[in-house]
2 protein chains.
Amino acid sequence: MPTKLSQLKQDFTEGLSQISRFWGLPKGMGAIFAVLYLSPTPLSLDEVVTQTGLTKGAVSTEVRTLARMGLVHRSSKLGDRKDYYEAESDFYKSIRSILKERQNSEFDRAVRSVKETLDLLEAGSVSGDEAEVAFVHERIKALQEFFNAIDNLASAVIKLESLGFGNVTKILSVLK
Amino acid sequence: MPTKLSQLKQDFTEGLSQISRFWGLPKGMGAIFAVLYLSPTPLSLDEVVTQTGLTKGAVSTEVRTLARMGLVHRSSKLGDRKDYYEAESDFYKSIRSILKERQNSEFDRAVRSVKETLDLLEAGSVSGDEAEVAFVHERIKALQEFFNAIDNLASAVIKLESLGFGNVTKILSVLK
DNA sequence: TACTGTGTTTAGTAACTACTAAACGTTCTA
DNA sequence: TAGAACGTTTAGTAGTTACTAAACACAGTA
């Protein structure tokens, strides 16, 4: 017997919820995105509420952070007071805005603090056992370089028009 | 006045803790790694305890998951009952084992479930409004391709001997 | 003006997580 | 065999998080 479309949508939503949770995001966020992503037309807040089983409040707040991440877009129709939401289907765009968003986060502050620690060492203004200072210097420098590499890789990905097959195989060919 | 080495270590540990927390990992895990990473010699569990301020229990369990991720290594000296731990300093190796670890996780199960959903659609065994089924099919296919691209990119990174400057600039040059 | 249909904010809660303290199990030593 | 030196496990806890329920604000309409 064939699977019902509604059932399939529900399974898919379930799956995205788990993926969402895995990355430390609220699972409701994954569910909301899934529902919007599979909808041919933009949905109102109440439609999202009924299709996800969440409350208005939850959807209201989480849809806002989704919008800030560039994963959904909010729009409105003339002569209709409702807001409508639709999923961004160009994942490349989403990645770009997510990475940009992260730029000003706690994460970057911490990374910068490592950089400052390194600067102190480079300036030679750290007192203590000479050999150990040298060792610590080397280690922190290595970590800093690793951070830079990650950062460059992220920039590379951002530069891509898409993560389509062609681009990735190009990358692979270089690395071979 | 010069900064004391011990102070510098403490700041660094603080920083790694925050980074750790940012990625959804226990902050204690970051602290433990930091302490080991800056130590010229392997440390015993008790030494880690005093330097991190955590309890034996916490260090015992978290050091184990760090070891499973390949970020620290446990060793022992002959004629000494203590275990000793040291940080892996080749981050490329660590990344590889982390990604490998993830392979068997909840995340991959969820990704596979998306694949199965797609298979159902490809087989044409989904009932419902024809146009909508087609739409959903297209969307899920796009998502699946995105997952594949990410996966390929991860493979590419794994293949790298290191994420050093040379490799990344090579990648960037291809993408230009 | 009251009323209705919106989205937002707030207070509270259930579940989870990262820990602590302490009991426990082992292995070595006296 | 007792005891000490380890690492592990377990029970409990403080803090956090993702939510719910409901009050709220605001605009359009009768």
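Side-chain atoms are counted along with the backbone in the values below, which use heavy atoms only and exclude waters and symmetry mates. Just so it is clear, the structure is predicted and the values come from calculations on it, not from any experiment. Quick note on labels: first sequence line is chain A, next is B, and so on, each numbered from 1.
Contact check, R21(A) against dA15(C): no side-chain N or O comes under 4.0 Å of OP1 or OP2. Under 4.0 angstrom from either OP1 or OP2 of dC6(D) there lies at least one side-chain N or O belonging to K82(B). S60(A) has a side-chain polar atom (N or O) that falls below the 4.0 Å cut-off from OP1 or OP2 of dT8(C).
For P26(B), the side-chain atoms get nearest to dA18(C) when compared with the rest of dA18(C), dA18(D), dT20(C). Which of dT8(D), dT9(D), dT20(D) sits closest to the side chain of A58(A) comes down to dT20(D).
If you measure from atom CG of L54(A) to atom C1' of dA21(D), you get 14 Å, rounded to the nearest angstrom. Nucleotide dA5(D) holds its P atom 17 Å from the CG atom of D83(B), rounded to whole Å.
You'll find a donor-acceptor pair under 3.5 Å spanning the side chain of R81(A) and the base of dG5(C), going by distance alone.
Two residues, L45(A) and E62(B), neighbour DNA chain C, and the one matched to the more 5' nucleotide by heavy-atom proximity is L45(A).
No path of Ile, Leu, Val, Met, Phe, Trp and Tyr side chains, each step under 4.5 Å between heavy atoms, connects Y84(A) with F135(B), placing them in separate hydrophobic clusters.
Of the N and O atoms on the side chains of S17(B) and E14(B), not one donor lies less than 3.5 Å from an acceptor on the other residue.
Note on E132(A) versus K9(B): salt bridge recorded, some NZ/NE/NH1/NH2 to OD/OE distance being below 4.0 Å.
Counting only distance, with no hydrogens or angles, the side chain of S20(B) and the backbone of L16(B) share no donor-acceptor pair below 3.5 Å.
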